[in-house]
Amino acid sequence: MKNKTFRSIIILVALLFINIEAAQAGLILRFKAYIRNELSDFQIVYALLALLALSFISYVIFTPVLIGKEKWGFLTYYSYNPTTRSYQNKRMLVRKISGILKNDKPSDHIHS
């Protein structure tokens, strides 16, 4: 790539960033003015509390249950990888779950 082309790309990217910053500043000022005019202080607090409660409830409902020695359930919940989730691993997980449901020896399942 020539020096002239590289310089023009740098100038265009810088102008793009300046344009984005200016547009964002104008939108944020309009959004703040809209919020101040339409909602009182208590309505904003109530809306934020409702959003927080809804997000907590959805987190509790949609979080997968970790079984065994898994550290993070979201990484393997929707993916299929036959090398890490072999048939033997699935059988061991089913055996652990059935043991927990039967309540054979609860102390064994805590330490395994």
Side-chain angles (χ1 to χ4, degrees):
M1 199 179 324
K2 293 185 178 181
N3 194 14
K4 193 174 188 180
T5 306
F6 185 70
R7 204 178 302 159
S8 64
I9 289 173
I10 296 294
I11 291 171
L12 287 174
V13 169
L15 288 174
L16 177 68
F17 282 137
I18 290 171
N19 194 10
I20 288 172
E21 288 295 323
Q24 184 181 6
L27 289 176
I28 289 176
L29 287 176
R30 287 182 184 169
F31 182 70
K32 284 181 181 178
Y34 174 75
I35 293 295
R36 285 186 192 133
N37 289 333
E38 295 296 323
L39 299 175
S40 69
D41 291 336
F42 291 114
Q43 287 177 335
I44 293 172
V45 171
Y46 293 147
L48 290 176
L49 287 176
L51 183 65
L52 184 66
L54 183 65
S55 63
F56 178 73
I57 290 171
S58 63
Y59 173 76
V60 169
I61 290 173
F62 294 114
T63 302
V65 176
L66 300 178
I67 299 171
K69 295 181 181 179
E70 292 186 41
K71 298 289 184 188
W72 187 248
F74 287 111
L75 297 177
T76 59
Y77 191 67
Y78 293 109
S79 64
Y80 174 72
N81 192 353
T83 58
T84 58
R85 295 273 188 175
S86 67
Y87 182 70
Q88 292 295 333
N89 289 342
K90 289 180 184 178
R91 285 184 66 197
M92 289 180 68
L93 285 175
V94 169
R95 189 175 298 138
K96 284 182 182 179
I97 292 171
S98 66
I100 291 170
L101 292 176
K102 287 181 183 178
N103 287 329
D104 291 329
K105 295 178 185 175
S107 61
D108 290 343
H109 299 294
I110 294 172
H111 299 293
S112 61

Distance-only donor-acceptor hits, side chain of residues 48-56, under 3.5 Å, sequence neighbours excluded:
from  : atom 1 : to    : atom 2 : distance (Å)
Ser55 : OG     : Leu51 : O      : 3.2
Ser55 : OG     : Leu52 : O      : 2.8

The reported gap from CG in Leu12 to CG in Leu16 (rounded to nearest 0.5 angstrom) is 8.5 Å

- Query: Side-chain contact, heavy-atom cut-off 4.5 Å: Ile11 with Leu15?
  - Reply: yes

Applying side chain to side chain contact (heavy atoms under 4.5 Å, CB included) to Phe31 and not counting sequence neighbours gives Ile35

Contacts of Lys4 meeting side chain to side chain contact (heavy atoms under 4.5 Å, CB included) (sequence neighbours excluded), chain-then-number -> none

Heavy-atom closest pair (Glu38 atom, Gln43 atom, distance to 0.1 Å) is O-OE1, 3.8 Å

